[in-house]
Number of protein chains: 2
Amino acid sequence: MQSRPRIPEATVARLAVYLRVLTGLADSGRGTVSSGELASAAGVNPAGLRKDLSHLGPCGTRGVGYEVSTLRDRIAGVLGMETAHACVLVGIGNLGSALAGYGGFGNRGFEFVGLFDASPARVGQRIGDLPIRPMEELDAVLTATRATIGVIATPAEVAQRVCDRLTSAGVRSILNFAPVTLSAPAGVGVRQVDLSVELQVLAFLDKQRGPAASPLGTALAPAGGMA
Amino acid sequence: MQSRPRIPEATVARLAVYLRVLTGLADSGRGTVSSGELASAAGVNPAGLRKDLSHLGPCGTRGVGYEVSTLRDRIAGVLGMETAHACVLVGIGNLGSALAGYGGFGNRGFEFVGLFDASPARVGQRIGDLPIRPMEELDAVLTATRATIGVIATPAEVAQRVCDRLTSAGVRSILNFAPVTLSAPAGVGVRQVDLSVELQVLAFLDKQRGPAASPLGTALAPAGGMA
DNA sequence: TGTTGTGAAAACTTTCACAGCC
DNA sequence: GGCTGTGAAAGTTTTCACAACA
């Protein structure tokens, strides 16, 4: 299987996780790793991991496992990390500042090349070595840097307008933290991270798992059983 | 279909989105809404939305649509939002501060009741009306508040230890922002938000969609000059 | 007429089991 | 003996099409 026939999106997300684990293993000098161990470190099933990797073509040695640095490079290549990706970030409030200051992107191939905010109070401040720019400069920076990824961390009310400006200036991928569903032209990829949704899913699953579990030993026999 | 036979997790996540949209519609005085309109606002397919809602039992009127406030309350009830959920947040760096200061949780039924950090420099500062406490007080606060949700925004290196402490003190749900895969006892729900993974998936999907509008293959300006 | 609720079909994803190779 | 790669099975999710109904 070459990577032609399209890699499933679920697999792509896991490949990114494997890459993170493999990078850690490589840094600690590990030479080879088995699917079982890698799967355990990534929190997935070993057979599923092997199926995921099968989309990259054979890349292990039977009876041995995978060579850590080779596999890491292979996945990095498939994910398109041989070149850095330039990103702009719009909305430098608390969350935006956190994202702008987060060092974890750089060593994974993503780099912010522009920070934007509508508030004059914030414009001109710096985060790291980047200045916060006014929204008026968005198009110019996008043109100059050819950034293809836009990150939106604005209030919900303006997120759609920001999205429109980004896409009309040529941005093809958007990561949105504002709690609204964005609509974007065909050909533009949007991913949504909604922190409240995550919490609600957690709370629901907990409720579903066992209604009356009190931290102190309130002995109440659960109907279904425990696991 | 009553809600007995378990609601699929994918559906739960979408219900949380519908709830957000419905809350907005209700606030703007809207009386009823059709599956088509609601689906469009939530970014999903109308038939899928109706199937999702079918897990709650019949809740619309044929030929008319759904009553906005009724449906909102129904979903809120199913998601367990009749009571507030107490959360603790560990790791008050940039991201943690952003989460602690984010107003969007409160009106969705989640409330931080404790903020913790290992750094003496941060302990004692306040965010909103909560003080940042030392890690030593974690168990006492968990016991006193009976918080069942823990949010981890620490560096990757300590996230697993924090997870262990949270779960052994009775936390049953964890939202993890640290870029590591956590292992937790059975019966504890963990959700992972990895910002780099989101960016990598975006970049891959863009690459796969076609190099159509990439005029410059590799020439990404490093931060120095322009930015 | 317009819209919901739902069975049946299609697509996708995960899991299993084992042949094939080291 | 051990581990990968993969076809086939099982399970899940999405989509379609339409009967039921206000």
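The structure presented is a predicted model; accordingly, all values stated were derived computationally and were not measured. Residue numbering restarts at 1 for every chain, and letters A, B, ... go by the order of the sequence lines. The figures here come from the full heavy-atom set of this structure, side chains too, leaving out hydrogens, waters and symmetry mates.
Under 3.5 Å, the side chain of B:R62 and the base of C:dT4 form at least one donor-acceptor pair of N or O atoms.
Projected onto DNA chain C by closest heavy-atom contact, A:A47 and A:V64 fall at different nucleotides, the more 5' of which corresponds to A:A47. Each of B:V33 and A:G63 was assigned the nucleotide of DNA chain C with the nearest heavy atom; the assignment lying further toward the 5' end belongs to B:V33.
Looking at B:R72 and B:E67, no side-chain N of the basic residue comes within less than 4.0 Å of a carboxylate O on the acidic one, giving no salt bridge. Taking the charged nitrogens against the carboxylate oxygens, A:D164 and A:R161 have no contact shorter than 4.0 Å, which rules out a salt bridge.
Look at CZ on A:R14: it is 8 Å from P on C:dT13, rounded to the nearest Å. In this structure, A:L49 places its CG atom 9 Å from P of D:dT4, rounding to the nearest Å. For the pair A:D52 CG and C:dT15 P, the interatomic distance rounds to 11 Å; values are reported in whole Å. When the P atom of D:dT13 is taken as reference, atom CD1 of B:I7 falls 12 Å away, rounded to whole Å. Rounded to a whole Å, the NE2 atom of B:H55 is 12 Å from the P atom of C:dG7. Whole-Å rounding puts the A:N45 CG to C:dA17 C1' distance at 12 Å. Between the CG atom of A:L53 and the P atom of C:dT14 there is a distance of 14 Å, given to the nearest Å. In this structure, B:K51 places its NZ atom 15 Å from P of D:dT12, rounding to the nearest Å.
Ring geometry, A:H85 versus A:F110: the interplanar angle falls under 30°, so the pair is classed parallel (tilted spans 30 to 60°).
Contact between the side-chain N/O atoms of B:Y66 and the OP1/OP2 oxygens of C:dG5 is found at a separation under 4.0 Å. Between B:S35 and C:dT4 there is a side-chain N or O to OP1 or OP2 distance below 4.0 Å. Look at A:R50 and you won't find any side-chain N or O under 4.0 angstrom from OP1 or OP2 of C:dT15.
Neither side chain, B:N94 nor A:Y102, offers a donor N or O lying under 3.5 Å from an acceptor on the other. Under the 3.5 Å distance criterion, with hydrogens and angles disregarded, a donor-acceptor pair is assigned to the side chains of A:T181 and B:R20.
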